[in-house]
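Order of the sequence lines sets the chain letters (A, B, ...), proteins ahead of strands, with each chain counted from 1. The structure presented is a predicted model; accordingly, all values stated were derived computationally and were not measured.
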Amino acid sequence: MALLKGDTGGQVMLGLLLAVAVVVPVLNLAVPEGSPLHVSTYTVTLLGKYLTYALLAVAVDLVWGYLGILSLGHGAFFALGGYAMGMYLMRQIGDRGVYGDPILPDFMVFLDWQSLPWFWHGFDMFWLAALMVMLVPGALAFVFGWLAFRSRVTGVYLSIITQALTYALMLAFFRNEMGFGGNNGLTDFKDILGFDLQADSTRVGLFVASAVALALGYLACRWIVTSKLGRVAVAIRDAEPRVRFIGYRVDRVKVAIWTFSAMLAGIAGALYVPQVGIINPGEFSPLNSIELVVWVAVGGRATLYGAVIGAIVVNYGKTYFTGAFPEAWLFALGGLFVLVTLFLPQGIAGLFRQLTRRRGGSAAEGATA
Amino acid sequence: MRNPASSQTPNARRALLKSLALAAGLVLGLGGGLLHAEDEGEAADGGGDTIKVGVLHSLSGTMAISETTLKDTMLMLIEQQNEQGGLLGKQLEPVVVDPASDWPLFAEKARELLEQDKVDAVFGCWTSVSRKSVLPVFEELNGLLFYPVQYEGEESSRNVFYTGAAPNQQAVPAVNYLKDELGVERWVLAGTDYVYPRTTNKILEAYLKLNGVSDEDIMINYTPFGHSDWQSIVADIKQFGSAGKKTAVVSTINGDANVPFYKELGNQGISAEDIPVVAFSVGEEELSGIDTKPLVGHLAAWNYFMSVPTDANDAFIETWHEFIENEDRVTNDPMEAHKIGFDLWVKAVEKAGSTDPDAVIDAIVGLETGNLTGGTAKMLPNHHITKPVLIGEIQEDGQFAVVWQTDDEVPGDAWSDYLEGSKDLKGDWTDPVNCGNYNTKTEECLGAEAEE
Amino acid sequence: MRQSCPYRPCSFRLRRRLKSAPPVVAAVAALLLLGTVVTGAAWAQSVTDASAADAGSAVEAPQAPQAATPAPDAGDTVAAAAAPSLPESLAKLADRSFKVKQQAAEDIAASGDPRAVEFLRALLDGDLYYRKDDDRIVFAERSDGGWALTDALTGEDLGEVGRRDARKITINNRMRTALRTDIAALTLASPDAAVRLEAALEMVGTTDPDTLAALEAQRPKEQDAEVLDAIELALAIAGLEAESPDARMEAVAALGASLYPEARNALDELIRVEQDPAVLAAAEAARADTERRVENMRRLETLFFGLSLGSVLVLAAIGLAITFGVMGVINMAHGELIMLGAYTTYLVQLAMPNAIDYSVFVAIPAAFIVAGLFGVAIERGVIRFLYGRPLETLLATFGISLILQQLVRTTISAQNVIVENPSWMSGSLQLNPALSLTFNRVYIFVFALLVFVALLLVLKRTALGLQVRAVSQNRAMARAMGVRSGRVDALTFGLGAGIAGVAGVALSQLTNVGPNMGQAYIIDSFMVVVFGGVGNLWGTLVGGLTLGVANKFMEPWTGAVLAKILVLVFIILFIQWRPRGLFPQRGRAAEG
């Protein structure tokens with residue numbers, strides 16, 4: 001546990017995560033429905049969704065907070081991971097689709113396609129799909145990063161071309177000819193690894209899987225930022241030319257971390273899809289990617305646990321406000337972003353740190369007095 | 001896991017404890033909020049003296065433009081019903097949520113309505129993708145969804161009632177009108193690239209070819225959502241239409257993209273007399289946000305127009321104006337569809353004597369209610385309804401002048417006869433078939449193994 | 001605006017009207033009308049062919065009172081005697097059946113009454129109403145409580161009635177077409193060349209001996225080159241049917257010189273049926289020649305489309321080139337500032353409903369001021385605390401964009417609003433039959449250039465411009481030299497925002513005005529600025545126009561969606577090649 005040394009926020013966050021991952025399933029499955037302690041399946045899926053968002057936010061924070069790359073296109077990697085999982089789930093439907101075709105998904109029958117496009121082959125095997133969940137976003141990120149970092153595209157230029165990337169992918173996936181279901185995307189999933197997706201136990205399982213993935217993802221990121229690689233990354237963030245002059249291959253460091261972050265985002269997407277039951281090109285929308293940068297900023301940039309907090313707080317806020325004040329929730333959300341940037345430059349995590357430091361300080365003073 | 005704090009100084013430990021407490025408080029607060037929301041739901045349900053009706057329409061985001069009106073329509077219908085004494089001696093209670101034009105959120109909110117709020121029926125959705133998103137939820141939790149918008153067909157679910165038009169109730173009659181009445185020989189099928197235009201155009205293409213139209217006389221074009229630069233496409237249409245044969249555009253262009261499209265048509269000198277455009281997604285509500293001058297004379301095919309002068313329609317418009325407190329608001333086709341759907345549900349609940357979904361599903365097939373434009377709407381075994389088809393020309397005041405209508409109501413066809421994959425399928429939710437996609441050739445219900 | 005034949009239903013060709021002995025369509029209630037209107041020739045109108053008129057129309061069939069218009073047998077003068085008087089025909093306009101109404105309109109046209117044209121025009125323009133209780137035909141004007149009515153025939157003031165007590169007389173496409181031709185025919189001798197042109201174009205491809213004679217007679221007299229062109233086209237197409245190959249050769253040569261689509265269609269038809277090898281060869285050569293010239297026109301047209309799309313991109317992006325390029329603020333609210341400009345246009349039009357044609361000139365400064373003030377407020381309220389933290393401006397302005405969107409939704413409406421086009425911006429500039437440029441696009445292109453030049457002058461030639469450049473290059477040094485950087489920042493941001501507002505006025509003429517409209521432009525704007533090179537106005541201009549033209553030249557090959565994707569991929573790759581855009585900024589500021 002040397003990884004978490006000095007990372008108070010991370011310790012707390014992981015502890016809570018563990019607690020939630022144990023308590024929620026128990027409250028959902030073991031406590032009868034009438035009881036006030038019962039956690040409904042609706043809440044479980046909701047929490048599961050938040051956890052996948054949190055993992056995505058951690059991935060973004062890794063490159064933004066520690067490498068200084070503001071990605072406005074991380075939603076693309078998330079969505080690609082989601083699509084890879086969606087394709088597996090589509091193939092699992094088999095002949096239970098509305099047209100009863102044993103191989104072709106419904107939308108292909110309906111577009112009058114005769115055979116499966118080559119890139120759909122093999123997705124009926126979970127291991128391959130699981131591999132693709134990481135490989136596809138990883139490969140895209142690698143190629144993109146290799147090109148961009150070697151040409152020393154930095155700053156806003158980089159941000160804007162990541163945005164162009166996700167925008168281009170969104171338009172491409174909207175096209176029905178692409179073979180990914182167009183605007184409707186992939187939906188009407190039946191089961192995963194033989195487990196019925198509509199069963200409470202499967203949902204709880206996915207929730208726990210999300211929690212575990214978040215914990216592992218967090219630890220992995222933590223490992224990177226505390227390693228030598230991570231320290232070079234921070235140096236690149238703060239003074240890229242100097243690091244280059246010292247003799248580090250800046251582009252390689254960047255490509256490595258960037259690709260890892262994209263794979264993490266892909267995993268988050270893969271866990272997201274079976275829980276919400278649909279993946280469509282809307283996930284590629286550039287606005288989504290901007291929004292997830294906002295989660296990180298709200299939570300606190302360059303503190304990995306801050307990203308988790310930000311993702312959960314903003315999304316809970318969204319769920320709550322869209323229900324409670326459907327007419328005015330954008331005011332609240334917009335206002336939150338403005339206020340956080342103005343008054344909480346370190347985000348919520350920064351606020352925690354300040355609070356604990358001040359209290360710690362005053363307690364120490366009290367002891368000496 | 002080793003105690004994470006064991007290696008820390010006492011001070012740091014204290015700080016840790018405090019931050020733990022703080023974080024725990026935060027999480028408890030969040031969780032409390034969630035639990036609280038559940039409590040509310042259960043408490044209200046426990047009373048049992050109201051019947052809950054869920055309204056699932058986007059009130060923010062891109063679809064708010066269209067869907068907000070439908071939410072208001074539902075509130076009006078529920079209020080009206082309550083004034084007449086409610087249903088089964090109970091008052092109706094609307095439960096409104098905002099899925100914010102976000103498709104995964106539709107599924108989440110549908111689950112919230114059915115599982116938390118325990119509503120007895122849901123009226124909602126607009127886009128196909130939102131319906132596809134909620135469909136598994138309704139089937140899993142055995143809810144009832146009334147879907148009020150014209151759509152691409154190719155679906156028949158036990159838990160969904162399609163009160164909008166299927167392609168054979170809108171697209172095919174409109175093409176017949178152009179073909180037979182206006183003598184159109186060359187066709188431009190222009191649409192936004194998503195499932196409704198894709199299917200409709202596929203059906204129309206097959207239908208036109210069956211009627212002897214050759215490939216070179218059909219031009220198909222797809223554009224992305226919100227497309228705003230129509231110069232090249234309109235120039236192509238102009239070119240296509242200059243071959244000496246009467247040409248028409250069949251437009252399945254979605255909402256926002258229509259304004260620049262019609263403006264470009266007008267500016268490039270193509271009037272409705274030259275190349276008429278018949279649209280399936282442009283109604284009174286959409287026209288109220290458009291400068292209608294360049295559109296005058298273009299056509300739309302619907303099952304309802306506000307301008308149809310029947311008593312039922314006048315009364316409906318009057319109630320609507322009173323409810324919304326604005327004389328300038330218009331009524332449109334999906335509003336009528338919601339009214340029909342609501343009437344049918346009320347009748348079914350009365351007939352079954354209960355709001356239990358299974359009882360309502362059994363009771364509702366075969367029930368009838370009046371259309372606002374005359375004739376009756378009947379719920380068919382495939383959960384679609386019968387509808388008259390009207391063709392209207394756009395007038396300068398944003399209303400339609402009806403130029404043609406079918407003699408009888410057209411029954412909604414869930415599975416198109418012109419598509420290869422679906423021509424042998426039919427939906428029938430009555431005994432003995434009880435199947436949404438029954439293959440009449442092999443006499444089996446497709447994809448049914450999962451249920452058995 | 002010119003309309004040419006092929007877009008018309010064939011049943012409405014003028015030919016029918018100019019025949020002295022018309023064919024009688026026995027199946028329908030054909031009505032013969034004789035009159036000596038204008039041309040002095042007897043002309044007639046047969047009510048549309050059977051297939052088009054009735055067939056299965058539940059709306060019309062039951063109500064069409066056949067008895068009201070006795071069907072004459074053949075081309076005799078009975079019809080003229082039975083022709084109803086003007087008041088009678090006028091009264092029939094209150095009928096609900098379009099068929100009856102159309103008949104009534106024809107009768108009015110044939111009545112010979114000098115006011116006929118006035119009524120037909122009023123009907124076409126939608127100015128004729130009927131009173132609900134007695135079906136009296138009236139002119140109606142909107143008053144406070146409803147309508148102020150005047151009797152159409154007598155001009156008698158009928159006082160006011162409620163909103164629902166007077167109804168507009170609706171017309172359909174068929175009537176609209178017929179009305180236009182009626183009006184055109186009634187004004188055939190008009191000194192207006194446009195009217196003559198329309199009449200001549202009506203005859204293209206539908207000539208018969210009589211119209212040919214009329215065209216031949218008009219040819220030597222005709223002064224207007226365009227009308228002459230059309231007349232010669234009509235004669236040449238007729239000439240293709242001549243017996244002698246020489247005459248056909250001549251016609252082919254004439255058609256080869258024409259750019260009208262009818263000429264190409266006629267040549268195609270000739271190539272299909274021609275027997276004479278010489279004529280066939282000539283026709284094929286002429287066809288290929290016209291094809292090539294039309295192709296060239298199409299290329300010019302595509303270039304214009306591209307420049308036009310590019311000018312829209314430039315307009316949308318140029319404000320961002322200031323706030324983002326010069327100041328380094330990643331202004332996600334830029335799209336919403338454009339939206340505010342568009343809404344200002346809407347409000348200006350609401351305030352001056354009777355002067356839409358001039359509203360744009362009021363809207364441009366108004367939008368500049370409104371959006372500019374919002375910009376100054378945003379800068380003073382939020383952004384000035386964030387200098388040196390450019391990425392955080394992204395978050396704050398993203399929040400502001402959400403707030404502005406919702407502000408418009410709650411204060412104005414969630415629905416789109418109507419912004420009308422001034423009449424001088426509608427229609428197109430017809431350069432030749434194969435090439436026309438739409439006015440609104442031409443104006444917007446010119447406008448974009450004007451805005452660009454003005455902005456360039458402000459930045460290069462004014463004291464403010466000097467200070468702006470100084471602050472953007474080296475803030476500390478500029479301050480040391482006595483520049484009040486705070487004031488300069490506010491004004492610069494205000495300038496960028498104001499330009500966005502002005503862009504909104506232009507965009508409101510092309511597309512929807514609604515709360516979401518800003519989001520449609522924000523991403524494209526960023527692409528243009530980055531592609532052109534941050535901090536360089538010329539880069540924005542060249543970048544915007546390049547992307548527009550590239551997009552439009554790809555579109556015919558790839559379709560609209562793929563063209564856009566390819567442009568985005570191109571930008572991504574281009575930035576790899578030139579990481580600082582088309583026109584990289586040099587010096588210290590470039591290090592940001």
Side-chain angles (χ1 to χ4, degrees), chain B residues 60-62 64-65 68 180-183 193 221-224 226-229 231-233 235-236 239 241-247 256 259-260 263-264 266-276 285 288-291 293-294 296-297 299 327 393 395-397 401-407, chain C residues 1-4 6-11 51-52 55-59 98 126 163 168 170-173 176-177 180 205 261-262 265 298 301-302 305 308-309 312 406 409 414-421 426-428 436 438-441 510-512 514 516 520 552 555-556 559-561 564:
Chain B
S60 58
T62 47
I65 293 175
T68 315
D180 302 336
E181 310 278 304
L182 299 185
D193 190 1
N221 182 290
Y222 291 106
T223 40
H227 190 67
S228 61
D229 194 282
Q231 302 179 87
S232 313
I233 292 164
D236 285 346
Q239 170 99 349
S242 67
K245 290 180 180 171
K246 176 74 179 167
T247 306
D256 268 7
V259 178
K263 277 193 177 170
E264 193 65 39
N267 284 330
Q268 290 201 22
I270 301 175
S271 71
E273 292 110 275
D274 303 330
I275 301 182
E285 183 87 23
S288 68
I290 302 182
D291 174 14
K293 262 185 253 116
V296 171
L299 304 155
E327 286 271 305
E393 272 186 17
Q395 304 287 308
E396 205 156 326
D397 55 1
V402 178
V403 292
W404 185 87
Q405 76 177 62
T406 48
D407 299 327
Chain C
M1 201 185 320
R2 175 200 290 174
Q3 288 130 7
S4 47
Y7 306 132
R8 295 265 165 105
C10 297
S11 45
S51 66
S57 164
V59 178
F98 286 116
R163 284 182 70 147
K168 181 185 282 188
T170 54
I171 55 176
N172 63 4
N173 274 337
R176 236 170 251 124
T177 316
R180 289 229 168 90
E262 291 89 343
N265 292 338
R298 290 276 285 175
E301 195 181 35
T302 310
F305 290 164
S308 159
L309 175 63
V312 171
Q406 195 62 26
R409 265 197 206 105
Q415 266 80 20
N416 287 347
V417 296
I418 301 179
V419 173
E420 289 182 55
N421 290 34
S426 311
S428 54
S436 59
T438 50
F439 279 128
N440 61 350
R441 300 272 176 182
L510 292 177
T511 183
N512 297 287
N516 295 324
K552 282 293 154 185
E555 214 178 290
V561 190
K564 192 149 194 195

Drop me the distance from B/E264's CD to C/N440's CG, to the nearest 0.5 angstrom.
6.5 Å

What's the spacing between C/T170 OG1 and B/E393 CD if we round to 0.5 Å?
9.0 Å

Counting N and O atoms only, with roles assigned by atom type, does the side chain of C/N265 sit under 3.5 Å from a partner on the main chain of B/S242, one being a donor and the other an acceptor?
yes

Hey, which of B/V259, B/T68, B/T223, B/N221 has the most heavy atom pairs under 4.5 Å with chain C?
B/V259

Please give me the minimum heavy-atom distance between B/D397 and C/K168, naming the atom from each residue.
N-NZ, 4.5 Å

Straight-line distance of C/I418 CD1 to B/S288 OG, nearest 0.5 Å
7.0 Å

Check whether C/V312 gets within reach of chain B through its side chain, its backbone, both or neither, counting any heavy atom under 4.5 Å.
neither

Answer yes or no: is there a side-chain heavy-atom contact under 4.5 Å between B/P224 and C/V561?
yes

List for me each residue that meets side-chain contact (heavy atoms from CB on, under 4.5 Å) alongside B/D236, sequence neighbours excluded, and say none if there are none.
B/M219, C/R298

For chain B, find which of C/N516, C/T302, C/N512 contributes the most heavy-atom pairs closer than 4.5 angstrom.
C/N512

Measuring from atom CD1 of C/I171 to atom CD of B/E396, what distance do you get when rounded to the nearest 0.5 angstrom?
9.5 Å

Under a 4.5 Å heavy-atom cut-off, does chain B meet the side chain of C/Q406, its backbone, both or neither?
neither

Can you list everything that forms a side-chain hydrogen bond (donor to acceptor under 3.5 Å, both in side chains) with C/S308? Sequence neighbours excluded, please.
B/Q231, C/R441

With a 4.5 Å cut-off on heavy-atom pairs, point out which of B/L299, B/D193, B/V296 contacts chain C the most.
B/V296

Drop me the distance from C/L309's CG to B/S232's OG, to the nearest 0.5 angstrom.
8.5 Å

Tell me if a side-chain donor or acceptor on B/N267 pairs with a main-chain N or O of C/G427 at a distance below 3.5 Å.
yes

Can you tell which part of C/S436 gets under 4.5 Å to a heavy atom of chain B, answering side chain, backbone, both or neither?
side chain

To the nearest 0.5 Å, atom NZ of B/K293 lies from atom CD of C/E420 at 4.0 Å

Whatever's closer than 4.5 Å to a heavy atom in chain B on C/K564 counts as neither

Determine whether B/K263 and C/N421 satisfy the following criterion, side-chain contact (heavy atoms from CB on, under 4.5 Å), listing intermediate values before the conclusion.
CA-CA 9 Å; B/K263 277 193 177 170; C/N421 290 34; 3.2 Å; yes

